[in-house]
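Notes for the one structure printed next.
Each chain gets a letter, A, B and so on, in the order its sequence line appears, and its residues count up from 1. Computed over heavy atoms, backbone and side chain alike; hydrogens, waters and symmetry mates excluded.
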Amino acid sequence: MAIALRDLAACFEGVIPSIVATAAPDGTPNISYLSHVVLVDDVHIALSNQFFSKTAANVRVNPNAAVLIVDPRDGTQYQLDTSYERSLDAGELFEEMAGQLRASSAQIGMAQVMRLRSADIYRVNGVHAIASPSPAVMAAPAKAVPLTTIAGIAQRVSEAADLGAVVDAILSGFDHAMLLLKEGERLVTIGTRGYERSGIGSEVAIGEGVIGTAAAEQRPVRVSDLSRIRRFGSAVEASSNEENRTRTIPLPGMAEAMSQIALPMVAQGKLKGVLFLESRDRLAFSKDDETAFALLAAQAAAILTLSEGEAAEAQTPSPSAAALPSAGGRPFRVVHYSYDDSVFIDNEYVIKGVAGRLLMYLLRTHLREGRTDFTNREIRLANELRLPEIKDNLETRLLLLRRRLEEKVAPIRLVRTGRGRIRLDLARPPSLEEATAD
Amino acid sequence: MSIDEELAAFMASPVMIILGSCDGQSKPEIGRAMGALAHAADNRIDLMVSAWQWPRMVANVRAGARLAATFARPSDYVSYQVKGHATVATATDDHAAAAAHYIERITATLGGLGLDRHLVAPWLVSRDLVVLCLSVEEIFIQTPGTKAGQRIERR
């Protein structure tokens, strides 16, 4: 064929809806829009079949189908003359299409409606460009991020000494990025870059939106044009008052984002978190970018797992048995609500859950024993923390707590003093209060 | 019963119109129409098509092929598909004016959805305009969802 399918990769990004025409044996045509067309190889494409559609019924009798695809960069139209070959309802290709469909349809509230029934495979017998009065701009293929750039990020990740540095190293490679780590059935934002608010501590349910779908499916989810999709979180105007009321930190986001990609971070077969990137440009992330970023996400997951393990192994005993001189000045008020372990400092919401419990443990121990140095080991063994559930990611929670305290400019700081060791820095003396009701 | 007022109004609004037909070898073809004029009394729809851009579509209809036309509203995907026999007619000044008006309105509609004028221009062509006169035999709801493909009426 004169035009190679591979040169039309941009047409398969799902930006401009494709069209399919089929015909029943009696010659009655059917014409319909398609939600997803996927480039399978040099001579095959896959069409999504969500409903028991007329298209699917027609091609099982008359396999001929015409598919119109559009280049989202210049609007050029191409007609593919194809013949239906077979239908897949399982396997890698099916799962990839189903995941993409779930992610994009969840955003427009049609997740149930748009369930993929099968991925239908068609052989492409010919490709021709549709005549256009506009000058034919055969745009260059979308530029992928150079591998040397990816290698540079990978090296910074390898050299990072602790969990916080690993998170920052990954994010340093991108303009607008978030890193979320898995905590139970949720993902918690542990680092962000390029947003007005850091959103540290904000949460996404696994399975929710682009980020949650990537986590649930453990496969990358890429959206190349958000202009017609309601964007998650963008309408939520973040404010401190809102946080204090809801005890929920809003996810940061770009209202004007056009492209998004979420990459699961998996190590030893287990989901560790999600790396999420976005851009104001349409088609900002190509399929090749996705592949390169997926490698980075896998590397980061492995190193995060490693740094958790190392911090856990540190056996250093607590170095400061002797009481340090206490900080002076007006005490600051720390209120703990036991029902959700939320903690407010001078009436500002800081954190809840296990990280909230950790903060209270550190403060109580400090008031009781006068010391400010702690080891991960003793925290793990502390009965009052009810820790079994946090055994695997104590470092993550400490990092979350540390960053959230920094962001809130709280009079408490957590300082990492060595592998598996932390220090509580208090600007003024704390005064603890237990609240029983909201 | 024929095309009702509501459907006629929908067809006349700025919606995308895509066409399907097939040749003697059962090979389907795709095309786009530049607006539609619904004649409710005759149960007929005039679809303005560029014979320059979609020569095979026009040739199929000239050879007696049946025609399918899907009308889809870009903002919410509300869609209807109409099928029936069709003939090719010469475009009158009214047809040409309607096509020009359609291109103007759909360009603005798509622009409101973030699609630039230069991007949509290749889909909105009126060179060598002809009219495909579609006698409506079947109407289907095509909006994505459980009702997709449901027949509204058959004559």
Side-chain angles (χ1 to χ4, degrees), chain A residues 15-17 19-33 35 50-55 57-59 61-68 70-77 79-83 105 108 110 112-114 125 128 130-134 136-137 225-228 258 282, chain B residues 16-32 50 52-57 60 64-70 72 74-77 79 81-85 110 113-127 137-138 140 142-149:
Chain A
V15 176
I16 309 292
I19 299 167
V20 61
T22 56
D26 71 351
T28 304
N30 193 78
I31 183 79
S32 168
Y33 280 105
S35 64
Q50 288 100 273
F51 316 107
F52 288 119
S53 67
K54 192 74 189 160
T55 297
N58 279 351
V59 296
V61 187
N62 169 16
N64 296 323
V67 176
L68 188 97
V70 179
D71 190 315
R73 295 164 298 180
D74 61 9
T76 306
Q77 309 178 95
Q79 183 169 315
L80 314 180
D81 295 319
T82 72
S83 46
S105 51
I108 55 171
M110 294 184 80
Q112 293 310 309
V113 177
M114 305 291 268
N125 306 310
H128 71 267
I130 301 295
S132 168
S134 316
V137 191
D225 187 342
L226 283 160
S227 60
R228 285 179 296 165
M258 280 291 185
R282 271 203 183 87
Chain B
M16 294 301 284
I17 308 170
I18 54 176
L19 309 174
S21 67
C22 74
D23 66 11
Q25 276 74 50
S26 295
K27 279 187 67 183
E29 277 297 328
I30 294 171
R32 294 185 192 269
S50 164
W52 174 79
Q53 189 170 41
W54 308 106
R56 297 205 281 192
M57 168 65 59
N60 284 349
R66 299 187 72 208
L67 185 65
T70 288
S75 59
D76 57 7
Y77 309 108
S79 311
Q81 182 166 204
V82 177
K83 297 183 185 183
H85 284 88
L110 294 173
L113 295 169
L115 298 172
D116 292 343
R117 184 170 286 271
H118 86 273
L119 184 70
V120 305
W123 323 335
L124 304 172
V125 176
S126 59
R127 191 187 291 186
E137 290 159 26
E138 293 174 289
F140 302 88
Q142 205 77 14
T143 309
T146 48
K147 284 185 177 172

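- For A:Val67, the part lying under 4.5 angstrom from a heavy atom of chain B is the backbone only.
- Heavy-atom minimum distance, A:Ala66 versus B:Pro28: CB-O, 3.4 Å.
- With a 4.5 angstrom heavy-atom cutoff, A:Asn58 does not touch chain B via any of its atoms.
- For chain A, the option among B:Lys27, B:Gln25, B:Arg56 with the highest count of heavy-atom pairs below 4.5 Å is B:Arg56.
- In this structure, the side chain of B:Gln81 engages the main chain of A:Ile31 through a donor-acceptor pair within 3.5 Å.
- With sequence neighbours excluded, the residues that form a side chain to side chain contact (heavy atoms under 4.5 Å, CB included) with B:Pro122 are A:Ser132, A:Ser134.
- In this structure, chain B has heavy atoms under 4.5 Å from both the backbone and the side chain of A:Ala23.
- For A:Pro72, the part sitting under 4.5 Å from any heavy atom of chain B is the backbone (N, CA, C, O) and nothing else.
- Here the side chains of A:Lys54 and B:Phe140 are not in contact, with every heavy-atom distance at 4.5 Å or above.
- Considering every non-hydrogen atom in both B:Ser26 and A:Asn64, the closest pair reads O-ND2, 3.1 Å.
- Nearest heavy atoms, A:Ala131 versus B:Trp52: CB-CH2, 3.8 Å.
- Of all the heavy atoms in B:Ile18 and A:Ser32, the pair that sits closest is CD1-C, 4.0 Å.
- Counting all heavy atoms, side chain and backbone alike, B:Glu29 lies closest to A:Ala21 at O-CB, 3.6 Å.
- The candidate with the highest count of non-hydrogen atom pairs below 4.5 Å against chain A, out of B:His85, B:Arg32, B:Arg127, B:His118, is B:Arg32.
- At a threshold of 4.5 Å between non-hydrogen side-chain atoms, the residues B:Trp54 and A:Ile130 count as touching.
- The candidate with the highest count of non-hydrogen atom pairs below 4.5 Å against chain A, out of B:Val125, B:Val120, B:Leu19, is B:Leu19.
- With a 4.5 Å cut-off on non-hydrogen atoms, A:Asn62 touches chain B through its side chain but not through its backbone.
- Checked by atom type and distance alone, the side chain of B:Lys83 pairs as donor or acceptor with a backbone atom of A:Pro29 at under 3.5 Å.
- Under the 4.5 Å side-chain criterion, counting only non-hydrogen atoms from C-beta, B:Leu119 is in contact with A:Ile16.
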